[in-house]
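Order of the sequence lines sets the chain letters (A, B, ...), proteins ahead of strands, with each chain counted from 1. Below, all heavy atoms of this structure are taken into account, side chains as well, without hydrogens, waters or symmetry copies.
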Amino acid sequence: MTMISQEIDRLIKLLAKLPGLGPRSGRRMALHLIKKKTSVMDPLIAALQEVRATVQTCINCGNLDSAGKQCGVCLDEKRDATTICVVEGVDDLWAMERSNSYKGHYHVLGGVLSALDGVGPDDLTISKLQDRVKNDNVQEIIIALNATLEGQTTAHYLLERIYNPNIKVTRLAHGVPVGGELDYLDDGTISAALSSRRPF
Amino acid sequence: MQQIQPCWLRTLKLQNFRNFSSLNITVPKDPIIIAGPNGIGKTNILEAISLFSPGKGLRQSKLGIIKKSDVQDQGWFINADFEHQHQDLNIGTGLDLSTASERRIVKVNGEKSSQTALNDWIKILWQTPQMDRLFIDGMTIRRKFFDKLLVNFSPEHSKHLYRYDYALRERSKLLREGIMDQKWLAVLEQKMAQESIAITANRLDYLSQLQGFLEQEIEGFPKIAVSLEGDVETLIHENSATVAEERLQERLCQNRSRDSVMGGSKIGAHQSEFLVLNLDCNQQAEVCSTGEQKALLLTLIMANARLLATVHEVAPILLLDEVVAHLDENRRQVLFNEILKLGIQSWLTGTDVQVFEPLRKHGHFINLNER
Ligand SMILES: Nc1ncnc2c1ncn2[C@@H]1O[C@H](COP(=O)(O)OP(=O)(O)OP(=O)(O)O)[C@@H](O)[C@H]1O
Ligand SMILES: [Mg+2]
Ligand SMILES: [Zn+2]
């Protein structure tokens with residue numbers, strides 16, 4: 001690696017560590033950036049800095065936004081605060097938003113239970129969800145976890161933890177294939193699964 | 001008897017597969033005999049065919065090991081044309097090194113598909129020398145053997161096994177690490193109970209279907225009985241499915257402290273034992289002679305072939321690696337007759353071409369030496 005300057009090498013290594021990329025794509029991206037300094041690299045630097053400075057995790061639901069301590073969804077008074085849709089990650093929240101068929105609030109769990117990976121209830125935002133259920137006027141909780149084995153175990157576990165006779169708990173109808181992650185579903189599938197959701 | 005739907009392999013192409021850089025063979029539906037000296041590649045060909053079913057094939061090898069050892073930067077590929085219920089079917093599979101993941105790719109009629117989907121098309125049964133210890137080695141190996149056969153009849157079975165295995169592993173990990181989260185454990189135990197009942201019901205149903213064929217008189221071959229024993233079986237026999245499931249969940253809950261010390265789980269579908277009894281001498285298979293055990297295994301495989309062909313109407317492809325040479329002359333003749341009668345495509349290997357002489361008229365002989 002003596003032929004590559006230290007600076008470029010560092011960039012390649014950082015890029016290669018990004019999800020979905022590897023050394024080969026890292027090299028290609030670095031080259032591309034360097035070749036297109038003004039048209040690609042500068043706007044990228046600016047975008048990174050801006051996101052770094054403004055985006056925070058919503059203290060209420062766990063969404064990412066630059067609106068302040070709370071996110072745009074939580075602050076939007078037109079949205080229905082009595083319904084909470086529980087998702088695994090922010091990417092799933094985005095998938096739901098893209099489907100344009102849900103007008104309630106969210107709760108980002110931050111993962112799923114997995115003893116093997118060392119992820120337990122305390123690593124997820126479950127007690128925060130319990131607080132929200134207790135304090136806010138919640139009437140329905142939609143569990144929209146992925147249909148993986150871990151997702152389903154977590155869903156059943158949540159059901160036990162948030163049990164309250166006054167709250168309806170539903171799940172997305174089968175439209176979400178086993179192992180299929182929300183983020184990969186097209187918008188039509190999500191809205192169909194939402195409109196035919198059913199009690200747990 | 002219903003109409004058996006034919007399914008047989010017509011052409012087989014190998015590329016970078018084991019000792020073959022490339023191989024291209026065309027065969028008829030008749031029994032195929034591959035005879036030749038040790039190390040010429042007989043088992044390798046059968047292994048290739050076995051990879052048209054889900055899983056790791058008849059050698060249970062890792063994908064990388066299959067690649068011809070002296071080629072670099074290339075994967076291995078196999079492709080076959082089948083006649084499947086009077087239609088053309090093409091299946092290709094292999095290890096593609098240009099993708100990052102070390103997974104077996106599968107294409108059906110040129111379209112990307114999955115290993116599990118292979119089960120919808122082709123059923124392949126095999127007997128190899130590696131299976132000789134089936135009745136002697138532990139109950140786990142025997143359970144896996146029967147579960148694999150069962151998946152031919154009920155593809156859902158592998159999903160139940162997978163889900164069960166997941167819940168069992170998660171619960172064991174929690175107990176091992178002393179994470180006594182009651183609700184978490186309860187959710188996992190509920191899944192274990194539910195899947196155990198489904199798995200066991202599947203196994204019992206399969207065995208009751210198979211038993212008729214195991215008792216059928218086939219001259220010279222032992223008749224056998226296969227039974228399944230374990231706590232889950234007892235629960236199912238004594239209760240309705242829902243009650244059995246509840247009882248099982250209770251037992252799992254009671255066993256927590258025991259399991260946290262001993263590891264695993266004392267009860268569940270992974271503890272069931274398949275017992276094989278030789279009805280001719282009323283002895284358990286493990287105490288039978290080596291030759292008898294081979295014959296028992298063949299009886300089992302052939303019973304599965306007949307069950308698939310008659311009740312489920314799909315003809316399996318049969319791979320018998322080095323089986324024929326170990327049978328006495330009478331049994332050999334009976335096996336050949338049986339194969340011809342069933343009309344399922346069979347691939348037979350051996351070092352001595354002499355033993356296949358009775359098939360000279362009806363069989364197709366492949367001589368790897370001449371290639
Ligand atoms: N990945 C590989 N690359 C190259 N050669 C291999 C590979 N794997 C196995 N072989 C070779 O393939 C040859 C044929 O093996 P195979 O087991 O098919 O022989 P066989 O004809 O069944 O012999 P036997 O009569 O002893 O059972 C062996 O010499 C073995 O070393
Ligand atoms: Mg061999
Ligand atoms: Zn929010």
Side-chain angles (χ1 to χ4, degrees), chain A residues 15-29 86 109-127 129-130 133 141 143 145-164 169 171 174 176-180 184 200, chain B residues 54 73 97-103 112-117 155-196 198-199 245 249 252-253 256 259-260 263-265 269:
Chain A
L15 289 170
K17 273 195 213 134
L18 294 175
L21 303 186
R24 233 186 97 175
S25 35
R27 284 193 293 273
R28 277 176 50 206
M29 286 179 75
V86 182
L109 215 50
V112 282
L113 292 178
S114 168
L116 234 51
D117 298 323
V119 181
D122 297 340
D123 301 302
L124 308 175
T125 58
I126 295 174
S127 33
L129 178 64
Q130 278 178 311
V133 171
I141 294 179
I143 298 186
L145 297 178
N146 291 321
T148 56
L149 294 177
E150 288 85 358
Q152 294 310 295
T153 298
T154 312
H156 283 116
Y157 179 80
L158 275 183
L159 207 60
E160 297 284 317
R161 286 279 301 262
I162 58 181
Y163 176 75
N164 179 331
V169 181
R171 60 172 156 173
H174 280 289
V176 186
V178 175
Y184 291 112
F200 227 98
Chain B
D73 301 329
L97 289 183
S98 64
T99 61
S101 64
E102 275 248 324
R103 288 183 70 193
K112 220 174 153 236
S113 185
S114 70
Q115 277 190 58
T116 351
E156 280 295 309
H157 191 61
S158 57
K159 287 187 193 146
H160 288 300
L161 290 169
Y162 180 68
R163 289 191 212 122
Y164 177 73
D165 194 51
Y166 151 80
L168 171 62
R169 263 186 297 129
E170 288 280 290
R171 176 179 176 272
S172 306
K173 174 96 191 217
L174 290 182
L175 293 178
R176 196 164 61 238
E177 306 211 326
I179 304 171
M180 290 304 188
D181 185 318
Q182 303 295 316
K183 292 199 168 92
W184 193 356
L185 285 167
V187 168
L188 293 170
E189 283 161 1
Q190 201 257 325
K191 285 184 194 298
M192 281 176 68
Q194 192 182 343
E195 299 302 344
S196 279
I199 290 166
E245 193 178 311
Q249 195 179 342
L252 284 163
C253 181
R256 281 179 196 170
D259 290 344
S260 65
S265 169

Assert top hit (heavy-atom pairs under 4.5 Å, partner chain A, pool B:Arg171, B:Lys159, B:Lys173, B:Gln190) equals B:Lys173
Of all heavy-atom pairs linking B:Leu188 and A:Thr153, the shortest is CD2-CG2, 3.8 Å
Rounded to the nearest 0.5 Å, the CG atom of B:Leu174 sits from the CG atom of A:Leu113 at a distance of 9.0 Å
CD of A:Glu150 to OH of B:Tyr166, rounded to nearest 0.5 Å, is 5.0 Å
Got a sec: does the CZ of A:Arg24 have more than 12 other heavy atoms crowding it under 6.0 Å? no
Distance col, row A:Ile126:CD1 vs B:Lys183:NZ, nearest 0.5 angstrom, shows 10.5 Å
Highest number of heavy-atom pairs under 4.5 Å with chain B among A:Gly22, A:Gly120, A:Ser114 belongs to A:Ser114
With a sphere of 6.0 Å drawn around CZ of B:Arg169, does it hold more than 12 non-hydrogen atoms of other residues, nucleotides or ligands? yes
Salt bridge (charged side-chain N to carboxylate O under 4.0 Å, His left out) filter on B:Glu195, not counting sequence neighbours, yields B:Arg163
All heavy atoms of A:Leu116 vs all of B:Glu170, minimum pair found to be N-OE2, 3.0 Å
Heavy-atom closest pair (B:Trp184 atom, A:Tyr157 atom, distance to 0.1 Å) is N-CE1, 3.4 Å
